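Let me begin by presenting the structure, written as structure tokens, before commenting on it.
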Amino acid sequence: MPQPVLEVTNLTKRYGEYLAVDHISFAIGEGEILGLLGPNGAGKSTTIQMLLGLTDPDGGEIHYFGQNFHQHKVQILQKINFASAYAELQARLTVRQNLRIFGMLYEVENVERRIDELLTLLEVEEYADELFWHLSSGQKTRVILAKALLNRPKMILMDEPTASLDPDIVNKIIQLIKQLQVQEKVSILFTSHNMQEVARLCDRVSFLQRGKIVLTDTPLGLTKRIGKTKLLLSFEAKQTVVADFLEKAKHPATFIRPDLVEVTLLEEDIPSLLFELKKKGVWITSLSTEQPSLEDVFLHISEAKEL
Amino acid sequence: MSWQRIKPLLLHSWYHATHSKETQIDLVWFTLIQFLIFGLIAKVISAGQPEMGVVLILGFLLWEIVRIGQYSVTVSMLWEVWSKSFNSLFIAPLTMTEWIVSQMIAAAVKTFLVIGSLAVLGHFLFHFSLLQLGIALPLYVLVLIGFAYASGIFITGLIIRYGTNIQSFAWGLIYVFQPISAVFYPVQALPAEIRWTSYISPITYVMESARHQFATSTILWNYVVISIVMCALYLVGAWVFMQEMYKRARRTGEFARLGD
């Protein structure tokens, strides 16, 4: 098995009595995108802070590229980077000055050319000589992304990198991340509250709940675990007939209108349900199904339900 | 520690100083105005007591070395904290030692530029020359800038640990030393009960020796040696304290939340 780019073993962080991160272990391979999801307070931020060396763990180990992070921090930080919609650069410096400083810290060759390349790629080249504090939050986020790509990192930690961006830019950023993954084999640890984004980008997803990883699977694997499908039916019949039938059949249902109902059931139970309704004289005028999403999985886990 | 990483931080400091009106006003404008006021007061007093005018200007210039040096080391970090960019720097390959050393170099340059300009101005406007301190001048400056570093590093440690709640220490704490350091008057002017406090400040020995030099043209070498040793001890103490605060802030998670 090839050596993981990032390997976390039994990572633990305690703040007084509160166990923020509870013996978590995971690994990210070369060119892999791992989503780290969880409700607020689940331990995502603390985990990322430890992975960046801003907070010291109380236990466990972090290895990047097979090297112990604690022992080779500077060499490792040279090869990784971080992007977040909430990160900032020095407000009183221009975009180019900020990027030049970071380029020099990362010892990037041809730093000016690299800055131009990235500003063009992220469509913020016209703000190169603007002071950072004059930028909108969306422009700042793109500059932060440019900073995160300056040193051609092998591993990027991304904490909600697309929050505050317009949908068209989000789309471009997602394509860029995919391109980095495929063409440059960059490994990414990705957190986001946008489940569609996570489903599009991540190869695997780990769910954190109260400091513990409670589940890791592919996005498809996770949604399959929920199993239930939402069926939206519009019909011509009395509402009571349909409601009585669904109650007896023990299918959870919500009437959106007297002639429109949303039923949650297993996919394989749909044909028999439709057949039974027809037998009761219910005329189905339209139907549609909705597969469970990662958002449903998120809600399930946040509500502490077993999967 | 790598010079390759200190260099961009010096450039950062230069960019910031050229963009920040606040820094320019704090370091250049206030200092210049105060210098002119002190110089004019000294001129008036000198009519009756010539040595008093010298004491005032000398005290002002030497004290400003401490103030500007300490302010530069500490407030440069606060600017990053206010911008919420301090953490971004430490996500890059940068050590706290490199950060502090770069700020010490930048502080020395700023202090040299400001005090050097005022010294030249003082020569033309008030016929006062720091160069009269001769061979002892670089040693005095060494002690004063060293003490500025020590207090700057100490306050940096406090801010790393306790955040911006105590940010006013960055420009206020150094003034604790001004009344007890014989800046504008000799130690003997203090009430006898608190005179001992003067001798815990290395600035006192520099000020006493410098004034003695202007009066008698002789250097109090024992004071110079004491001040250098004392300053070195303060520097080591401040460094150990700052490193301990940094370690603690990383352990408690406060370092990652600095500026939030």
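Quick note on labels: first sequence line is chain A, next is B, and so on, each numbered from 1. No experiment lies behind these values; they were computed from the predicted model shown.
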Decide if atom [atom1] of [X] counts as having more than 12 heavy atoms of other residues, nucleotides or ligands within a radius under 6.0 Å.
X	atom1	answer
B/Y175	OH	yes
A/K73	NZ	yes
A/K178	NZ	yes
A/H70	NE2	no
B/F241	CZ	yes
A/K44	NZ	yes

Atom [atom1] of [X] and atom [atom2] of [Y]: how far apart are they, to the nearest 0.5 Å?
X	Y	atom1	atom2	value
B/R257	A/T55	CZ	OG1	7.5 Å
B/E80	A/L89	CD	CG	9.5 Å
A/M104	B/I6	CE	CD1	12.0 Å
B/I91	A/S84	CD1	OG	8.5 Å
B/F86	A/Q90	CZ	CD	11.5 Å
A/L105	B/E98	CG	CD	8.5 Å

[X] versus chain A, heavy atoms under 4.5 Å apart: side chain, backbone, both or neither?
X	value
B/T252	backbone
B/L89	both
B/W82	neither
B/T95	side chain

Fill in the blank from the handout: Shortest non-hydrogen pair, A/L93 vs B/H12, comes out as CD2-CD2, 3.8 Å

Exercise for the section: Determine the minimum heavy-atom distance between B/R251 and A/Y15, stating which atoms define it. Expected result: O-CE2, 4.1 Å

Please examine the side chains of [Y] and [X], heavy atoms only from C-beta on, and report whether any two atoms are closer than 4.5 Å.
X	Y	answer
B/H19	A/T94	yes
A/R100	B/Y15	yes
A/E107	B/R5	yes

Handout entry: For chain A, the option from B/L11, B/L258, B/L9 that forms the most heavy-atom pairs under 4.5 Å
Key = B/L11

Practice task
Among the options B/A256, B/S85, B/P93, pick out the one with the most heavy-atom pairs lying under 4.5 Å from chain A.
Solution key: B/P93

Problem - Where at least one partner belongs to residues 25-41 of chain A, residue pairs that pass side-chain hydrogen bond (donor to acceptor under 3.5 Å, both in side chains), sequence neighbours excluded - result: A/E32-A/R204

So for [X], is it side chain, backbone, both, or neither that comes closer than 4.5 Å to the heavy atoms of chain B?
X	answer
A/L131	side chain
A/Q97	both
A/K13	side chain

Problem - Salt-bridge criterion met for B/R250 and A/D56 (N-O under 4.0 Å) - result: yes

Problem - Test item: side-chain donor near acceptor, A/E88 and B/S83, under 3.5 Å - result: no

Practice task
Using a cut-off of under 4.5 Å on heavy-atom pairs, state which of A/F102, A/F82, A/Y86 scores highest against chain B.
Solution key: A/F102

